[in-house]
Amino acid sequence: MGGPAISDHALLRFLDRGGQLDVEALRANLSASLTRAHRAARALSEADYLIRADGLVFIVRGETVSTVIDDRGPPEWARALRTGAGDR
């Protein structure tokens, strides 16, 4: 019998509290790196959108990055926007 599964939430809390990872600084850095794309998207529309960068796709709903998925191509992007696939 193996050990317990680790939820994404538990892993994040471990990194934040036990692993000494500054999660808020990481959040601020990621937000800053996505600012230009976000401003450009908002200049065009208020709709949900994607940002492709470094082999990843950031799903933006409203004013929030809701999830990040592997860049597997347009069918995966469409599914993620339509259904929230990968949201956790």
Side-chain angles (χ1 to χ4, degrees):
M1 179 176 195
I6 308 297
S7 71
D8 292 346
H9 176 78
L11 182 59
L12 182 60
R13 292 288 67 86
F14 168 75
L15 292 171
D16 185 25
R17 296 175 181 150
Q20 303 304 312
L21 176 67
D22 188 346
V23 173
E24 292 308 315
L26 186 58
R27 182 187 321 267
N29 287 339
L30 182 57
S31 178
S33 71
L34 300 175
T35 295
R36 182 173 162 210
H38 179 69
R39 287 181 180 158
R42 285 297 170 245
L44 298 173
S45 172
E46 290 297 316
D48 295 343
Y49 65 95
L50 309 170
I51 298 173
R52 291 178 63 205
D54 300 323
L56 299 171
V57 177
F58 299 81
I59 309 299
V60 183
R61 298 187 188 288
E63 297 299 307
T64 303
V65 174
S66 64
T67 193
V68 181
I69 60 174
D70 291 328
D71 188 354
R72 296 183 184 173
E76 290 297 318
W77 309 335
R79 185 178 9 261
L81 276 176
R82 185 179 66 247
T83 65
D87 289 351
R88 290 190 172 100

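FYI, the numbering just counts along the sequence from 1.
Note on residues 25-34: pairs passing side chain to side chain donor-acceptor pair (under 3.5 Å), not counting sequence neighbours, are E24-R27. Each ring pair (Phe, Tyr, Trp, His ring centres under 6.0 Å) pair with one or both residues in residues 50-70, not counting sequence neighbours, would appear here, but there are none. Listed by first and then second residue, the ring pair (Phe, Tyr, Trp, His ring centres under 6.0 Å) pairs that reach into residues 15-39 are H38-Y49, sequence neighbours excluded.
Taking the side-chain hydrogen bond (donor to acceptor under 3.5 Å, both in side chains) definition, one finds that D54 meets it with nothing, sequence neighbours left out. Scanning for salt bridge (Lys or Arg N to Asp or Glu O under 4.0 Å) contacts around D22 gives an empty result, with sequence neighbours left out.
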Name every donor-acceptor pair, under 3.5 Å, that has one atom in a side chain of residues 11-20 and the other anywhere in the protein, sequence neighbours excluded.
{"unit_1": "R13", "atom_1": "NH2", "unit_2": "D16", "atom_2": "OD2", "d": "3.2"}
{"unit_1": "Q20", "atom_1": "NE2", "unit_2": "R17", "atom_2": "O", "d": "3.3"}

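The two residues R61 and S66 come nearest to each other via the heavy atoms NE-OG, 3.4 Å. When all heavy atoms of A37 and I51 are compared, the closest pair comes out as CB-CD1, 3.8 Å.
Linking ILVMFWY side-chain heavy atoms closer than 4.5 Å, directly or via other members, places V57 and L44 in two distinct hydrophobic clusters.
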> Does the pair I69 and L56 meet the rule for a side-chain contact (heavy atoms from CB on, under 4.5 Å), with working shown?
Replying inline: CA-CA 6 Å; I69 60 174; L56 299 171; over 6 Å; no

> How far apart are the C-alpha atoms of V60 and L50, what are their side-chain angles, what is the distance that settles it, and do they pass the side-chain contact (heavy atoms from CB on, under 4.5 Å) test?
Replying inline: CA-CA 6 Å; V60 183; L50 309 170; over 6 Å; no

